Amino acid sequence: MSTLELRNLSKAFGGVRALAGVSFSLSGGELLALIGPNGAGKSTCFNLIGGQLRPDAGEIFFDGKPIHGLAPRRLFHLGIGRTFQVAAAFGSLSVRENIEVALRSRQGRSFSLFQAGNPDRTKELLERVGLLEQAQRPCALLAYGDLKRVELALALAGRPRLLLMDEPTAGMASEERGELMRLVGSLARGEGIAVLFTEHDMDVVFGHADRVLVLSEGALIAQGTPAAVRADARVRRVYLGDELADA
């Protein structure tokens, strides 16, 4: 059974078709990239899966159960995590405290600096994302690449089986991008997490995705291995253009 399955998903805003009959599936341990030019429907697709929007038509299944229309908080508790293009963390709190907030949210509890949290679980998450040595630093003082790691730890606090990553390497240096995606790949394959990510950096997409989906004007025009999508004439014409012609 697929972890995530979309069946004929559609969404329009007024007379503008944002997504039209999109279908695909994603399994645990797999990294699936969703790419396309600006306005192709990537954000709409993510927001439909993440519960920020409701579909006009079609269905979304998580572990074989319908989830379309459920609120983001409900999806979080079901095991769907998400990171955003702009990293979000409480700048005045330390790395450790940010993770404690996420863990308490998972348990339906409020955060307090005066109550003991779950130190073992917090330490585990810090180690997994390589931030144990920076546990006491305020997030406002972190380098951007480290802030992205904090956001990943926050998503992992919910023990997700599906992780949605919106532009995970945006704003990062080239070396940091590769390090982050290798970490994501290791976590996904080691723990069977299904990862769906959008990304504008084609080196990241073709260097780390197991499969690639290509959207254009709300429609899915290609899907397959990175090599197959790279060689697809329609993809080159509609989206990739000369960027991959000489690669």
Side-chain angles (χ1 to χ4, degrees), residues 29-36 38 42-43 46-47 50 72 76 80-103 105-106 111 117-119 121-210 212 226 243 247:
E30 183 180 23
L31 271 67
L32 180 61
L34 180 65
I35 67 172
N38 290 335
K42 303 186 299 297
S43 294
F46 256 58
N47 288 333
F76 173 74
I80 299 177
R82 182 169 181 179
T83 68
F84 293 85
Q85 182 173 350
V86 178
F90 295 106
S92 61
L93 298 183
S94 70
V95 173
R96 176 188 62 79
E97 290 165 347
N98 267 275
I99 293 175
E100 287 286 354
V101 169
L103 289 173
S105 175
R106 170 68 172 172
F111 175 74
N118 186 338
R121 177 67 174 147
T122 299
K123 181 180 178 182
E124 175 192 342
L125 288 168
L126 288 167
E127 289 177 332
R128 287 167 76 186
V129 300
L131 288 176
L132 186 59
E133 294 182 357
Q134 302 200 61
Q136 303 306 323
R137 291 197 72 193
C139 282
L141 300 181
L142 293 179
Y144 194 71
D146 289 334
L147 193 58
K148 284 284 194 175
R149 288 174 179 263
V150 172
E151 189 183 34
L152 177 58
L154 299 180
L156 293 174
R159 300 188 185 276
R161 295 189 304 283
L162 170 64
L163 183 58
L164 308 174
M165 305 187 76
D166 188 359
E167 298 284 345
T169 70
M172 300 178 72
S174 179
E175 183 176 341
E176 290 179 320
R177 294 174 184 175
E179 290 177 355
L180 181 68
M181 293 309 296
R182 284 190 290 273
L183 172 61
V184 171
S186 175
L187 291 170
R189 295 180 181 103
E191 302 182 24
I193 301 171
V195 178
L196 176 66
F197 71 98
T198 64
E199 183 60 59
H200 278 99
D201 187 319
M202 291 299 101
D203 288 336
V204 170
V205 170
F206 290 100
H208 296 278
D210 297 307
V212 181
E243 182 176 353

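Remember, it's a predicted structure, so these values are computed and weren't measured experimentally. Counting from 1, the numbers follow the sequence of the chain as shown.
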F90 atom CZ, over 12 foreign heavy atoms within 6.0 Å: no
[Y] and [X], any side-chain heavy atoms less than 4.5 Å apart:
X: L152; Y: R128; result: no
X: L147; Y: C139; result: yes
X: I99; Y: L154; result: yes
X: D146; Y: V95; result: no
X: F197; Y: V184; result: no

Please report the shortest heavy-atom distance between [X] and [Y], naming the atom on each side.
X: P226; Y: A209; result: CG-O, 3.3 Å
X: M172; Y: K148; result: SD-CG, 3.8 Å
X: P168; Y: L180; result: O-CD2, 3.3 Å
X: V150; Y: A89; result: CG1-CB, 4.3 Å
X: R177; Y: V204; result: CB-CG2, 4.1 Å

Verdict with reasoning, L132 to K123, per side chain to side chain contact (heavy atoms under 4.5 Å, CB included): CA-CA 7 Å; L132 186 59; K123 181 180 178 182; 3.9 Å; yes
Determine yes or no for a side-chain-to-main-chain donor-acceptor pair under 3.5 angstrom, with [X] supplying the side chain and [Y] the backbone.
X: E199; Y: D201; value: yes
X: T198; Y: L34; value: no
X: R82; Y: L164; value: no
X: Q136; Y: S94; value: no
X: D210; Y: L31; value: yes

Reported [atom1]-to-[atom2] distance for the pair [X] and [Y], which is rounded to 0.5 angstrom:
X: R121; Y: L126; atom1: CZ; atom2: CG; value: 10.5 Å
X: L131; Y: R96; atom1: CG; atom2: CZ; value: 14.0 Å
X: D203; Y: H208; atom1: CG; atom2: NE2; value: 8.5 Å

Residue pairs involving residues 149-159 (criterion side chain to side chain donor-acceptor pair (under 3.5 Å); sequence neighbours excluded): none
Salt bridge flag under 4.0 Å for residues R182 and E179: no
Contacts of R137 that satisfy side-chain hydrogen bond (donor to acceptor under 3.5 Å, both in side chains) - sequence neighbours left out: Q134
Which residues share a salt bridge (charged side-chain N to carboxylate O under 4.0 Å, His left out) with E127, sequence neighbours left out: none
Side chain to side chain contact (heavy atoms under 4.5 Å, CB included) assessment of L187 paired with L163: CA-CA 11 Å; L187 291 170; L163 183 58; over 6 Å; no
